[in-house]
Amino acid sequence: MIDIKLIRENPELVKKNCERRGCDVDIDALVKIEKEHRSTIQKIEELRADRNRLSKECRDNPDARVKVKEIKEELATLEQQQARIEKELDVSLFWLPNLLHPAVPDGDGDDANFELRKEGTVPEFSFKPRDHQELGELLDIIDTKRGAKVAQSGFFYWKGKGTQLCNALFFWTQQQLINSGFTSFMTPCVAKEKTLFGTGYLPFCAAETYALEDENLALIGTSEQTLVGYHADETLNPEEMPLRYCAFSPCFRTEAGSYGKESRGIFRVHQFHKVEQIIFCMPEDAEKCHDECLVNEEALLKALEIPYRVVDVCVGDMGAPGYRKYDIEAYFAGYGGYREVTSNTNLTDFQTRRLNIRYKGKDGSKGLVNTISATAVTDRVAIAIMENNQLEDGTVLIPKALQALTGFDKIEPGK
RNA sequence: GGAGAGGUGGCUGAGCGGCUUAAAGCACAGGUUUGCUAAACCUGGGUACGGGUAACUGUACCGGGGGUUCGAAUCCCCCCCUCUCCGCCA
């Protein structure tokens with residue numbers, strides 16, 4: 001949600017922002033409704049002031065009672081009107097996207113993302129490299145067929161050494177982040193509607209959400225939801241920020257409408273696993289913290305010897321809550337190109353305004369905290385390792401960084 | 001799952017229709033004094049949204065939502081949450 005004052009005082013800025021976003025909210029109408037909203041409230045407050053004043057006289061002045069009764073009726077009508085206006089206003093506000101960083105590239109989709117840099121060496125093969133689906137079956141470490149049998153298409157099993165690789169990857173990643181000053185969490189895997197709304201997943205990603213029947217709960221799409229929601233309705237101390245949090249969790253997404261080549265294997269599934277980084281910071285530190293998360297992501301991929309490129313995500317490929325976003329795309333040898341493995345978003349105060357997360361300094365300064373939400377690693381990193389580190393017979397070599405935790409240095413067919 | 005007790009400011013906790021502008025204590029901030037890893041005393045408070053150049057001022061907020069009333073933290077209804085005991089359980 002963006003600041004209503006900003007919309008009131010600088011509607012042109014918000015209008016331009018919506019245009020860039022390709023979002024057709026009528027700002028003029030919104031401003032008009034907001035004005036009506038305020039004037040109605042003012043009328044109501046004046047009437048209430050009269051009522052409060054008069055009702056004190058009521059004990060020994062019967063005339064006042066009659067008057068207050070009249071005010072009461074008048075109030076009832078106005079309050080009803082006000083509720084209607086407020087609802088209309090809220091709906092428009094809830095759908096309004098965040099502002100954009102001036103440097104965000106224009107464009108409709110991921111082909112307009114701006115490449116900032118390429119790192120690492122793309123592996124070369126004397127044979128045609130297999131993709132992770134083929135390798136997973138050959139090595140008996142990924143089972144999508146039984147995932148579909150037991151749950152549904154789009155769910156899968158990690159098995160044997162594949163599981164061990166993932167456990168090592170996720171544990172190692174959390175250790176790296178803890179060494180960088182992060183506090184690790186295990187969070188609930190469900191969250192209330194209020195939490196999903198507050199983090200911006202509702203109303204924007206309603207179709208992506210697995211809601212629980214007969215409960216006001218949904219499976220989390222990411223631990224961002226539960227980590228950011230952790231501080232809802234709290235006032236944080238500027239001296240204790242930035243707060244760096246990480247969590248490992250499963251992530252559930254319906255992935256409505258995705259299909260085709262991109263969904264082969266486990267690249268896009270209904271349940272994946274992720275170590276997430278969240279930073280709560282002062283507004284003036286948001287860009288610095290955003291960069292810090294990117295540094296962490298890159299350090300992890302470098303240590304795992306995975307080639308990648310960093311892109312500055314364009315308007316059309318960025319979610320409504322985002323102010324600026326960097327994606328990292330790792331090289332996948334079996335796929336033969338770069339594919340998204342992490343995304344790192346500066347959300348400014350979009351989430352904290354909805355969730356009411358404030359700061360208050362000793363000097364009396366106060367305002368809304370800013371949040372950064374960034375992937376550390378997911379299963380996709382494990383499959384990048386598989387595709388890039390394969391030998392002709394399908395053997396996959398484990399990166400040195402993980403060998404102490406896996407307890408083996410390769411996964412071979414039939415073993 | 002069964003039974004009971006509760007939800008009041010940063011915290012503890014009183015208030016149970018209008019003397020509440022929410023007591024008191026703790027904590028916090030400022031000050032005074034005596035002193036030396038502190039104590040005593042005095043003073044001061046919240047949040048949100050409006051109005052005003054301002055000093056100031058209005059409204060709302062006692063878990064949430066309805067209701068009764070001229071007037072609700074207080075009475076009534078519904079919901080949510082927490083705690084204790086019993087049962088079950090990794």
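What you see below is based on every heavy atom in this structure, not just the backbone, and it leaves out hydrogens, waters and symmetry mates. Letters A, B, ... mirror the listed sequences (proteins, then strands); counts begin at 1.
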Participant: Report which part of the nucleic acid K72(A) touches: base, sugar-phosphate, or nothing (heavy-atom distance under 4.0 Å, all strands).
Facilitator: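 Base contact.
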Participant: Whole angstrom is fine here: how far is it from CD in E193(A) over to C1' in C79(B)?
Facilitator: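 Between C1' of C79(B) and CD of E193(A): 16 Å.
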Participant: Does N52(A) place a side-chain N or O at less than 4.0 Å from the phosphate oxygens OP1/OP2 of U59(B)?
Facilitator: yes
Participant: Among G46(B), C70(B), G51(B), find the nucleotide with the atom closest to the side chain of K360(A).
Facilitator: G46(B)
Participant: Would you mind telling me which residue lines up with the more 5' stretch of RNA chain B, S55(A) or R48(A), judged by nearest nucleotide?
Facilitator: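 Nearer the 5' end of the strand: S55(A).
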Participant: Quick one: is U59(B) close enough that its OP1 or OP2 comes under 4.0 Å of any side-chain N or O from R51(A)?
Facilitator: no
Participant: With a non-hydrogen cut-off below 4.0 angstrom, is A64(A) in contact with a base, only sugar-phosphate, or nothing?
Facilitator: nothing
Participant: Compute the centroid of each ring, for F171(A) and then for F248(A), and state whether the two points are separated by less than 6.0 Å.
Facilitator: no
Participant: Any side-chain N or O of K69(A) less than 4.0 Å from the OP1 or OP2 oxygen of U69(B)?
Facilitator: no
Participant: Hey, are E292(A) and Q277(A) close enough side-chain-wise for a donor-acceptor pair under 3.5 Å?
Facilitator: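 Not at all, the side chains of Q277(A) and E292(A) share no donor-acceptor pair under 3.5 Å.
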Participant: How far, in whole Å, is G45(B) from A22(B) if one measures between their P atoms?
Facilitator: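 Nearest-Å result for A22(B) against G45(B) at atom P: 11 Å.
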Participant: Considering only atom P, compute the distance from G25(B) to A60(B) and round it to an integer number of Å.
Facilitator: 29 Å
Participant: Flag this pair as yes if the NZ/CZ of R253(A) is under 6.0 angstrom from the six-membered ring centre of F272(A) and inside a 45 degree cone about the axis; otherwise no.
Facilitator: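 No - R253(A) does not lie over the ring of F272(A) by the 6.0 Å and 45° rule.
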Participant: Would R354(A) and F197(A) count as a cation-pi pair here, with the cationic atom under 6.0 angstrom from the ring centre and within 45° of the axis?
Facilitator: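 Because its charged atom sits under 6.0 Å from the ring centre and within 45° of the axis, R354(A) does stack over F197(A).
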Participant: Do the side chain of E45(A) and the base of G58(B) come within less than 3.5 angstrom through a donor-acceptor pair of N or O atoms?
Facilitator: yes
Participant: Using atom P in both nucleotides, what's the gap between C80(B) and A27(B) to the nearest angstrom?
Facilitator: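 One P to the other, the span is 39 Å.
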Participant: Decide, for U37(B), between syn and anti: a glycosidic angle within 90° of 0 counts as syn, anything else as anti.
Facilitator: syn
Participant: Separation of R53(A) atom CZ from U57(B) atom P, in whole Å?
Facilitator: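 Value for this atom pair: 15 Å.
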Participant: From NZ of K366(A) over to C1' of C49(B), roughly how many Å is that when rounded to an integer?
Facilitator: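 Rounded to the whole Å, the gap is 12 Å.
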Participant: C75(B) and A5(B): how far apart are their P atoms, nearest whole angstrom?
Facilitator: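 16 Å, rounded to whole Å.
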Participant: Is the gap between the ring centers of Y326(A) and H290(A) under 6.0 Å?
Facilitator: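 Yes - the distance between ring centres of Y326(A) and H290(A) falls below the 6.0 Å cut-off.
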Participant: How do E46(A) and K5(A) order along RNA chain B: which one's closest nucleotide is nearer the 5' end?
Facilitator: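 Final value for this comparison: K5(A).
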Participant: Report which part of the nucleic acid R8(A) touches: base, sugar-phosphate, or nothing (heavy-atom distance under 4.0 Å, all strands).
Facilitator: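 Since only primed, P, OP1 and OP2 atoms lie under 4.0 Å of R8(A), the category is sugar-phosphate.
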Participant: Base, sugar-phosphate or nothing for K192(A)? Non-hydrogen atoms, less than 4.0 Å.
Facilitator: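 Touches nothing.
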Participant: Can you name the closest pair of heavy atoms from F182(A) and Y245(A) and give their distance?
Facilitator: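 F182(A) and Y245(A) have their closest heavy atoms at CD2-O, 3.3 Å.
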Participant: Under 4.0 Å, heavy atoms only, any strand: does K43(A) hit a base, just the sugar-phosphate, or nothing?
Facilitator: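 No contact.
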Participant: When you check the glycosidic angle of G45(B), does it come out syn, meaning within 90° of 0, or anti?
Facilitator: syn
Participant: What's the CG-P distance between N216(A) and G64(B), to the nearest Å?
Facilitator: 17 Å
Participant: Find out whether the Lys NZ or Arg CZ of R353(A) is both under 6.0 angstrom from the six-membered ring centre of F350(A) and within 45° of the ring's axis.
Facilitator: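 Here R353(A) fails the 6.0 Å and 45° test against F350(A).
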Participant: Would you kindly give the CG-to-P distance between D233(A) and U47(B), to the nearest whole Å?
Facilitator: 15 Å
Participant: In whole angstroms, how far is the C1' atom of C49(B) from the NE2 atom of H37(A)?
Facilitator: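 Going from NE2 in H37(A) over to C1' in C49(B) covers 9 Å.
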Participant: Take atom CD of E57(A) and atom P of U69(B), then tell me their distance rounded to the nearest Å.
Facilitator: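 From E57(A) CD to U69(B) P: 21 Å.
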Participant: With the 90 degree cut-off around zero defining syn, does C76(B) come out syn or anti?
Facilitator: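 Anti, angle beyond 90° from zero.
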Participant: Measure the distance from CG on L75(A) to C1' on C70(B) and round it to the nearest whole Å.
Facilitator: 13 Å
Participant: Using the P atom in both, what is the distance from G18(B) to U82(B), to the nearest Å?
Facilitator: 33 Å
Participant: Which nucleotide, if any, forms a Watson-Crick or G-U wobble pair with U82(B), using both distances under 3.5 Å?
Facilitator: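 For U82(B), the partner nucleotide comes out as A5(B), under the 3.5 Å rule.
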Participant: Out of G50(B), A48(B), C70(B), which nucleotide sits closest to the side chain of R65(A)?
Facilitator: C70(B)
